[in-house]
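By convention in this document, chain letters (A, B, ...) are assigned in the order of the sequence lines, proteins followed by strands, and residues within each chain are numbered from 1.
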2 protein chains.
Amino acid sequence: MNPKYYSLPKEKQEAILNAGFHVFSQNTYKKSPMSEIANAAGISKALLFHYFHNKKELYLFLWDTCCRITVEEMTRSGAYEQKDLFGSMDYGMQAKLRLMRQYPDIGVFAVRAFYEKDPEVSADIQKSMGQYLNTHAAKKLQNLDPEDFIPGIDLQMMYREMYWASEGCLWEYIQRGSMNVDEMEKDFRKLLEFWKTIYLRKNRDGI
Amino acid sequence: MNPKYYSLPKEKQEAILNAGFHVFSQNTYKKSPMSEIANAAGISKALLFHYFHNKKELYLFLWDTCCRITVEEMTRSGAYEQKDLFGSMDYGMQAKLRLMRQYPDIGVFAVRAFYEKDPEVSADIQKSMGQYLNTHAAKKLQNLDPEDFIPGIDLQMMYREMYWASEGCLWEYIQRGSMNVDEMEKDFRKLLEFWKTIYLRKNRDGI
DNA sequence: GATGAAGTTGACCGAAGCGGTTAACAGAGG
DNA sequence: CCTCTGTTAACCGCTTCGGTCAACTTCATC
């Protein structure tokens, strides 16, 4: 790619990113036209080809950027250092919401790219995945103290259930198209509070 | 449309339905080629145009069929007559699983069609929606007896949470591509059992 | 086995869209 | 005035699109 891309004003860089995320998240790789991306970014197709030699290069750049900023944001959020499960989920949620405010389509783009089957790009996508795979969930689960939760609960099932519910909630917003991140934050907060009331052991011994 | 479609053998009719559901669920309306659908159905493009005069007609026929068989299956399942909440969810789940076994892409198709924005079809889709909107959830919620559940629980929140978790679980399978409905059923069953253990009041008075 | 209706298709059409290129334009600095 | 940088409209060759049509196959009926 052309390094001059980086000397573009930040807003222009982001406009291109978001245009790419948007178009590639709605269509397959092959059926995502460069002209549509250029239009969405507010520049001409020729200029887009000036910064990225071809479609594949833009696509892989988007994928890389997507992975990088996600990891950065999650790390910076402090979610991984939190001892408390719900605190950690809270921080993680805030990080993801911040990302979605800045790049509304990054989530759907990531999913579609991960499962993209076009041989022109699929191999490169999968190759670069190893470094980004999330293994924090398993560790988090092992470090939980069963005494903190209601007696007899299946902690792994609890965790899966909470994960699915967040995904389902997020998915509902995504489907609806242009998403209202503020509304989403409210819903997530409500979920978190609800989980605390049903999962946490309230009268722990000696407290 | 050509009524001779209905005198086709059932397998051929289903093949066309599934081919349509599949292609239209992966791409926008405009970017879903008739040739691809014909291929997936195992017939020639010319024959597909013999049964459906044009693309729009096929699309709206698919949408109509999708709505109709979903309502039929849900009604027939008996989920709406069940008094018990979890029993009703169980029946509903089984109905949906049956649908997904027969028409693997019908779910994603329905979502995409509902939010399709192409002016050639969007108006017709929205117009035919009124009759299919699901109002059973609200009624179900009103008829619940708080005494059946753990004290102090927010029943509406509980319902939303369960709904989201099922959607999240389903969504995980959908993303992964070709879905294993048997695995899915296992997961849903586990969810149902888990919910019973945490939401139901176990020692109800006098029992 | 001739006939005709019904089912099915390969080949085709004009139009549109694709990835990518190029020649030219606009403007700022010297 | 010139030159360098950023930017684009117009273009190219090619593919794909929705839709048509003439021809081929199949098969029941006479």
Side-chain angles (χ1 to χ4, degrees), chain A residues 1-17 19-20 22-63 113 116-122 124, chain B residues 1-17 19-20 22-63 113 116-122 124:
Chain A
M1 62 171 299
N2 190 333
K4 284 177 185 169
Y5 164 83
Y6 291 112
S7 37
L8 244 42
K10 276 268 157 66
E11 321 113 40
K12 216 76 189 169
Q13 289 188 38
E14 269 194 24
I16 295 177
L17 286 180
H22 182 71
V23 175
F24 281 122
S25 72
Q26 302 285 344
N27 316 99
T28 331
Y29 168 76
K30 197 164 60 162
K31 293 187 182 171
S32 297
M34 291 290 272
S35 55
E36 212 170 295
I37 298 173
N39 257 341
I43 61 176
S44 70
K45 190 178 66 164
L47 188 53
L48 187 57
F49 272 103
H50 175 67
Y51 290 123
F52 303 91
H53 299 137
N54 52 44
K55 190 166 151 179
K56 179 177 176 178
E57 193 183 271
L58 169 61
Y59 188 74
L60 293 178
F61 170 77
L62 287 173
W63 169 251
E116 174 66 57
K117 289 188 181 78
D118 194 305
E120 194 174 342
V121 292
S122 64
D124 300 76
Chain B
M1 61 170 300
N2 190 333
K4 285 179 186 169
Y5 165 82
Y6 291 112
S7 37
L8 244 44
K10 277 268 155 68
E11 320 114 40
K12 215 74 188 172
Q13 289 189 37
E14 267 193 26
I16 294 178
L17 286 180
H22 182 70
V23 174
F24 281 123
S25 72
Q26 301 286 343
N27 316 98
T28 331
Y29 169 75
K30 198 164 60 163
K31 292 187 183 170
S32 297
M34 290 290 271
S35 55
E36 212 170 295
I37 297 173
N39 256 341
I43 61 176
S44 69
K45 191 178 65 163
L47 187 54
L48 187 57
F49 271 103
H50 175 65
Y51 289 122
F52 303 92
H53 298 135
N54 52 44
K55 189 166 152 179
K56 180 177 175 179
E57 194 182 271
L58 169 61
Y59 188 74
L60 294 179
F61 170 77
L62 287 173
W63 169 249
E116 173 65 58
K117 290 190 182 76
D118 194 305
E120 195 176 340
V121 292
S122 64
D124 300 76

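The distance from atom CD1 of B:Ile37 to atom P of D:dG19 is 11 Å, rounded to the nearest whole Å. For the pair B:Asn27 CG and D:dT16 C1', the computed distance is 14 Å after rounding to whole Å. Remark: C1' of C:dC18 and NZ of A:Lys30 are 11 Å apart, rounded to the nearest angstrom. The distance from atom CG of A:Asn39 to atom P of C:dG19 is 13 Å, rounded to the nearest whole Å. Rounded to whole angstrom, the span from the CD1 atom of B:Ile43 across to the P atom of C:dG10 amounts to 12 Å. The nearest whole Å value for the distance from the CE atom in B:Met34 to the P atom in C:dT9 is 14 Å. Per the geometry, CG belonging to B:Asn54 stands 9 Å off C1' belonging to D:dG18, to the nearest Å. Regarding A:Ile16, its CD1 atom lies at a distance of 13 Å from the P atom of D:dG6, rounded to whole Å.
A:Ser122 is not listed as a side-chain neighbour of A:Lys117, based on a closest heavy-atom distance of 4.5 Å or more. Residues A:Thr28 and A:Asp118 have side chains not in contact (no heavy-atom distance under 4.5 Å, counting atoms from C-beta outward). When side chains are defined from C-beta on, B:Val121 does not count as touching B:Trp63, because their heavy atoms never get closer than 4.5 Å.
The nucleotide whose nearest atom lies closest to any side-chain atom of B:Pro33 is, among D:dT7, D:dG18, C:dT8, D:dG18. Distances were taken from every side-chain heavy atom of B:Leu47 (C-beta onward) to each of C:dT8, C:dT22, D:dC21; the shortest belongs to C:dT8. Side-chain proximity of A:Ala46 to C:dG19, C:dT22, D:dC21: nearest is C:dT22. Closest to the side chain of B:Lys4, from the set C:dT8, C:dA6, D:dT8, is C:dA6.
The cationic atom of A:Lys55 (NZ for Lys, CZ for Arg) does not lie both less than 6.0 Å from the six-membered ring centre of A:Phe24 and within 45° of the ring axis.
Between B:Phe61 and B:Tyr5, the ring-plane angle classifies as perpendicular under the 30° and 60° cut-offs.
Note on B:Ser35: a side-chain N or O is less than 4.0 Å away from OP1 or OP2 of D:dC17. For B:Lys55 and D:dG19, the shortest distance from a side-chain N or O to OP1 or OP2 is not below 4.0 Å. Close to D:dG6, at under 4.0 Å from its OP1 or OP2, lies no side-chain N or O of A:Tyr51.
At the heavy-atom level, A:Lys45 lies under 4.0 Å from base atoms of the strands shown. Among the protein residues, B:Phe52 comes within range of no part of the nucleic acid, since none of its heavy atoms lies under 4.0 Å from any strand. Among the atoms of the strands shown, none is found under 4.0 Å from any heavy atom of A:Ser7.
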